[in-house]
Asker: 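Before I ask anything, here is the structure I am working with.
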Amino acid sequence: MSFRSDEDTWPTGFVGAVYEVLVRRIPPKTKSKHLHDIVDVLMEVLCKGELYLDITSYKPTLDLREPGWPESHVKALQISGWIDSDKSPIVLDGSQLGWKRWYQDMKLVVNELLDRSNTLPKLSSIASTVSSKLPDELNDEQKQAVVSIDSHNLVLISGGPGTGKTSTIVQILARSITLQRELRVALCAPTGKAARRLQDSIQKAVRHLPQIKREELSSLPCVTLHRLLQAGTRGFQRNKGNPLSLDLLVVDEMSMVDLALMRALLNALPENCQLVLVGDQDQLPPVGSGSVWHTLYSEHLKNNFLHCSIQLQHVYRNKGDLEMMSRTLRGEGLVAFVEKSNALKNHSNFSFHNASLRNIPPFISQKIKAHNARLNEFSSELLKSISSYPKISTIEQPQSIEIADKIFNCLDDLMVLCPKRKGLWSVDHIHRLCLRGFPEVGINSWPEGFPVMSGENQPELGLANGDIGILIGENQDRRILFKLISEDGKLNLTLIHPARLHRLEPALALTIHKSQGSEAKEVVILWPSDLKEPRIDINQKRRLNELYEIRLLYTAITRAIERVDLITPS
DNA sequence: ACCCAGTG
């Protein structure tokens, strides 16, 4: 039986019928309700994105047909013949119980990564002859990360927000191109927005580098993993038969990469290509099943990767309560987080609010309105400064460039985040509430200065999924201002006619998933579920859900540089 | 529920 990676979308009827299907395809020696329980429990964890569970600690939450979990179920499994032949669908490896095919796939991925980590890079001999002097602005952890590419084909870099992952990446790239000219390098991330953000921060970070390196690094391609592997309806066009022609690949935001995508990547990656994986264990798990990053850092595996993994610990941003609250959430969980929130002072840079789910608290909508008003003001200022508007497509007058920069900086002042796309306090809901004064549906009725997002890759325009632009001008003169990076690495301020964009969405509010990788001065989080819900019974289902909630909330909070307002239902 | 990508 074949599985797709997005099994979360399976209809419930199908999930319930998995046992029946399995029994028909692979008849067990003995059918039993115990066996049925095991399949249901495996489906239960699968819905949470887990491919296997630890039978010694996992407590099922669904009603089991038979008592005696897990001993009597394991016994039934052993006599069923479902774990001891080639065709058997389930595997019990020590205390790990899982779907055999996925379990083996994950094992293959882990083993291939281990092999790569133990392979010496082509450049290692050259590296030893080159001065090992590293820039002084790097700390010891970061230096260690940079030199580790001299001796390992695989390097894992993990660290929370503000630990300098991007500057480490830039130094790795700088060192690599010093060692070998014409090195073929690519950068990628799981989401379009994260890829663009990476490109943006690399542009900023290379300013400190010598001219030659700066030019080479700022023109590096930076795309989604799907795009790099040329995903299409027939799967990935980059594969074993058509591998990527690369010497070094950096993948950022690894926590969002699932098993299927990782397999596709390794499948398309030449043996001698160096791989640098970067991520944060505390951030979001992938949407599909099989969190590769969290598996690599799990208790029983992480020691195998010690030789090639670097943990960036030193946090450069010190943000008072903001830092304290995110540390509490990550380290102690939701209960401690809610408790601490009650003790926050009034002038804290982390505020809790309650509101009715039908509205946004007035002072938050004030904040949003003020933000929009500033964007509106700057965009009409820009419009006035362009003498040949709307005939031009690229902004080149220095004065206009300055104003456009002001617009994009202003965009980074405020970020409104929601866990969901639809429903109460979703991205859609916020947009409906904020655009209420603009009754006509469609972009022409939205106010000038309003942020919009491209929901699709449009390479012919140099536009990636997740790129955010600003509405300029009205009616037939309406254009969207995008900050794009051309192929030669130059920053381009481009005005695009709305009709040329295939999919355009309001981008005042973002899903937390999309926000991963970017940051803003202030973050407003609308959290529609109750954080204070008592969690008395500490069983595993709650823990899985809670772990997910923690990562989601943690990701949202850590987008903020200066301030967070967290709003929960009253 | 969330991501990516392309199509009926």
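Just so we're clear, the structure is a prediction, and the values are computed from it rather than from any experiment. Just so it is clear: chains get the letters A, B, ... in the order the sequence lines come, proteins before strands, and each one is counted from 1.
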Asker: Using the rule side chain to side chain donor-acceptor pair (under 3.5 Å), only one of A:Arg330, A:Gln516, A:Arg551 pairs with A:Gln283; which is it?
Answerer: A:Gln516
Asker: Answer yes or no: is there an ion pair linking A:Lys193 with A:Asp467, defined by an N-O contact shorter than 4.0 Å?
Answerer: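 No salt bridge links A:Lys193 with A:Asp467.
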Asker: With under 30° as parallel and over 60° as perpendicular, where do the rings of A:His226 and A:Phe236 fit, or are they tilted in between?
Answerer: tilted
Asker: Want to settle it: does A:Glu456 or A:Pro286 sit nearer the 5' end of DNA chain B, counting the closest nucleotide to each?
Answerer: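 Closer to the 5' end of DNA chain B: A:Pro286.
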Asker: Within this structure, what is the CD-to-P distance between A:Glu253 and B:dC3, rounded to whole angstrom?
Answerer: 14 Å
Asker: On DNA chain B, compare the nucleotides closest to A:Thr233 and A:Lys420; which residue's is nearer the 5' end?
Answerer: A:Lys420
Asker: Nearest-Å distance, NZ (A:Lys193) to P (B:dA5)?
Answerer: 15 Å
Asker: Can you tell me if A:Arg421 touches the phosphate of B:dC3, counting only side-chain N or O atoms and a distance under 4.0 Å to OP1 or OP2?
Answerer: yes
Asker: Report the distance from atom CG of A:Leu228 to atom P of B:dA5, rounded to the nearest whole Å.
Answerer: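 Going from CG in A:Leu228 over to P in B:dA5 covers 11 Å.
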Asker: Can you identify which nucleotide, out of B:dT7, B:dA5, B:dC3, has its nearest atom closest to the A:Thr224 side chain?
Answerer: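 Between B:dT7, B:dA5, B:dC3, the one nearest the side chain of A:Thr224 would be B:dA5.
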Asker: Which nucleotide in the set B:dT7, B:dA5, B:dC2 lies at the smallest distance from any side-chain heavy atom of A:Thr511?
Answerer: B:dC2
Asker: Using whole Å, report how far CG of A:Leu463 lies from C1' of B:dA5.
Answerer: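 So the two atoms are 16 Å apart, to the nearest Å.
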Asker: Are a donor atom and an acceptor atom from the side chains of A:Thr295 and A:Trp293 found within less than 3.5 Å of each other?
Answerer: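 The criterion, which ignores hydrogens and geometry beyond distance, is not satisfied for A:Trp293 and A:Thr295.
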Asker: Atom CZ of A:Arg234 and atom C1' of B:dT7: how far apart are they, to the nearest Å?
Answerer: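 Atom CZ in A:Arg234 sits about 12 Å away from atom C1' in B:dT7.
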Asker: Report which part of the nucleic acid A:Gly423 touches: base, sugar-phosphate, or nothing (heavy-atom distance under 4.0 Å, all strands).
Answerer: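 The residue A:Gly423 makes no contact with any strand.
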Asker: How would you label the contact of A:Pro285 with the nucleic acid (heavy atoms, under 4.0 Å): base, sugar-phosphate, or nothing?
Answerer: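 If one applies the 4.0 Å heavy-atom cut-off, A:Pro285 turns out to touch nothing in the nucleic acid.
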Asker: Does A:Asn457 have a side-chain nitrogen or oxygen under 4.0 Å from the phosphate oxygens OP1 or OP2 of B:dC4?
Answerer: no
Asker: Closer than 4.0 Å, any side-chain N/O of A:Lys514 to the OP1 or OP2 of B:dC4?
Answerer: yes
Asker: Between B:dC4 atom C1' and A:Met262 atom CE, what is the distance in whole Å?
Answerer: 17 Å
Asker: Please report, rounded to the nearest Å, how far the P atom of B:dA5 is from the CG atom of A:Leu229.
Answerer: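 In whole Å, B:dA5 P lies 11 Å from A:Leu229 CG.
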Asker: Nearest-Å distance, CD (A:Glu505) to C1' (B:dC2)?
Answerer: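 Result: 14 Å.
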Asker: Regarding A:Tyr554 and A:Glu549, do their side chains bring together a donor and an acceptor under 3.5 Å, going by distance alone?
Answerer: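 Result is no, nothing qualifies.
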